[in-house]
Trainee: 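Have a look at this one.
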Amino acid sequence: MTKTLTFNELRAFKDSLPDGTIARIADELGLKEETVRNYFGGSNFKDGQPTGAHLEPGPDGGIVVLDDMTIWDRANEILQESQA
């Protein structure tokens, strides 16, 4: 399954996550923190890896297609935990 959203929507979602979420996801999934940041629109590929998030130029920051929902799903779970 893939997810398509604007870059600005992706960044707003990342900004809504509780402090420490990036580190927590990285630890739980055995990834570098920079790799998780890259998923949410970062571009540090020296210290992190690509993550299956593809950006195409366009309005509202461009269009992002997420091919791998693992990080997105875990981030949603953490967000829901924090709101409970």
Side-chain angles (χ1 to χ4, degrees):
M1 175 184 250
T2 63
K3 181 170 187 67
T4 303
L5 65 164
T6 68
F7 182 78
N8 290 344
E9 289 171 328
L10 178 68
R11 296 301 289 183
F13 175 73
K14 180 207 170 273
D15 292 343
S16 73
L17 297 172
D19 290 342
T21 298
I22 299 295
R24 182 174 168 184
I25 292 172
D27 184 54
E28 290 177 5
L29 299 179
L31 302 169
K32 292 182 177 182
E33 286 185 36
E34 286 303 323
T35 299
V36 178
R37 284 188 187 95
N38 289 346
Y39 187 85
F40 290 111
S43 59
N44 183 349
F45 299 108
K46 178 181 175 193
D47 296 324
Q49 300 298 316
T51 57
H54 307 282
L55 178 63
E56 298 177 24
D60 209 15
I63 302 299
V64 178
V65 178
L66 304 175
D67 290 338
D68 184 342
M69 297 298 292
T70 306
I71 293 172
W72 179 270
D73 291 341
R74 188 64 192 117
N76 265 310
E77 291 168 2
I78 292 169
L79 182 61
Q80 289 178 9
E81 287 171 10
S82 74
Q83 294 174 343

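Quick caveat: nothing in here was measured; it's all calculated off a predicted structure.
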Trainee: If you look only at pairs with a residue in residues 73-84, which of them pass as a salt bridge (Lys or Arg N to Asp or Glu O under 4.0 Å), with sequence neighbours excluded?
Mentor: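 Those involving residues 73-84 are R24-E81, E28-R74, R74-E77, R74-E81.
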Trainee: To the nearest 0.5 Å, what is the distance between CG on L29 and OH on Y39?
Mentor: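 With rounding to 0.5 Å, CG (L29) is 10.5 Å from OH (Y39).
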Trainee: Using the side chain to side chain donor-acceptor pair (under 3.5 Å) criterion, which residues pair with D27? Sequence neighbours excluded.
Mentor: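 Partners of D27 by the side chain to side chain donor-acceptor pair (under 3.5 Å) criterion come out as none, since no residue qualifies.
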Trainee: Please report the interatomic distance CG(D67) to CH2(W72), rounded to the nearest 0.5 Å.
Mentor: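 Here the rounded value is 14.0 Å.
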Trainee: Looking only at heavy atoms, what is the nearest atom pair of S16 and L79, with distance?
Mentor: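 Taking S16 first and L79 second, the nearest heavy atoms are O-CD1, 3.4 Å.
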Trainee: Looking at I71, N38, I22, which one forms a side-chain contact (heavy atoms from CB on, under 4.5 Å) with L31?
Mentor: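 Per the side-chain contact (heavy atoms from CB on, under 4.5 Å) rule, the option paired with L31 is I71, out of I71, N38, I22.
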Trainee: Report yes if the side chains of F40 and L17 come closer than 4.5 Å at any heavy-atom pair, otherwise no.
Mentor: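 Side chain of F40 against side chain of L17, heavy atoms only: contact under 4.5 Å found.
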Trainee: About how many Å separate NZ of K14 and CZ of R37, when rounded to the nearest 0.5 Å?
Mentor: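 NZ of K14 is found 7.5 Å from CZ of R37.
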Trainee: Looking at residues at least two apart in the chain, or sitting in another chain, which of them share a side chain to side chain donor-acceptor pair (under 3.5 Å) with D15?
Mentor: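 For D15, no residue satisfies side chain to side chain donor-acceptor pair (under 3.5 Å) once neighbours in sequence are set aside.
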Trainee: Enumerate the salt bridge (Lys or Arg N to Asp or Glu O under 4.0 Å) contacts for residues 1-12, please, sequence neighbours excluded, ordered by first and then second residue.
Mentor: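 Of all non-adjacent pairs touching residues 1-12, none passes salt bridge (Lys or Arg N to Asp or Glu O under 4.0 Å).
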Trainee: Answer yes or no: does atom CG of D60 have more than 12 heavy-atom neighbours from other residues, nucleotides or ligands under 6.0 Å?
Mentor: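 Check passes, neighbour count above 12.
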Trainee: Compare every heavy atom of G61 with every heavy atom of F7, then report the nearest pair and how far apart it is.
Mentor: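 It is CB-O, 3.2 Å.
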Trainee: Check whether the side chains of T6 and N8 place a donor and an acceptor atom closer than 3.5 Å, and report yes or no.
Mentor: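 No - no donor-acceptor pair under 3.5 Å links their side chains.
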Trainee: L5 vs L66, test: side chain to side chain contact (heavy atoms under 4.5 Å, CB included). Steps then yes/no.
Mentor: CA-CA 8 Å; L5 65 164; L66 304 175; 4.0 Å; yes
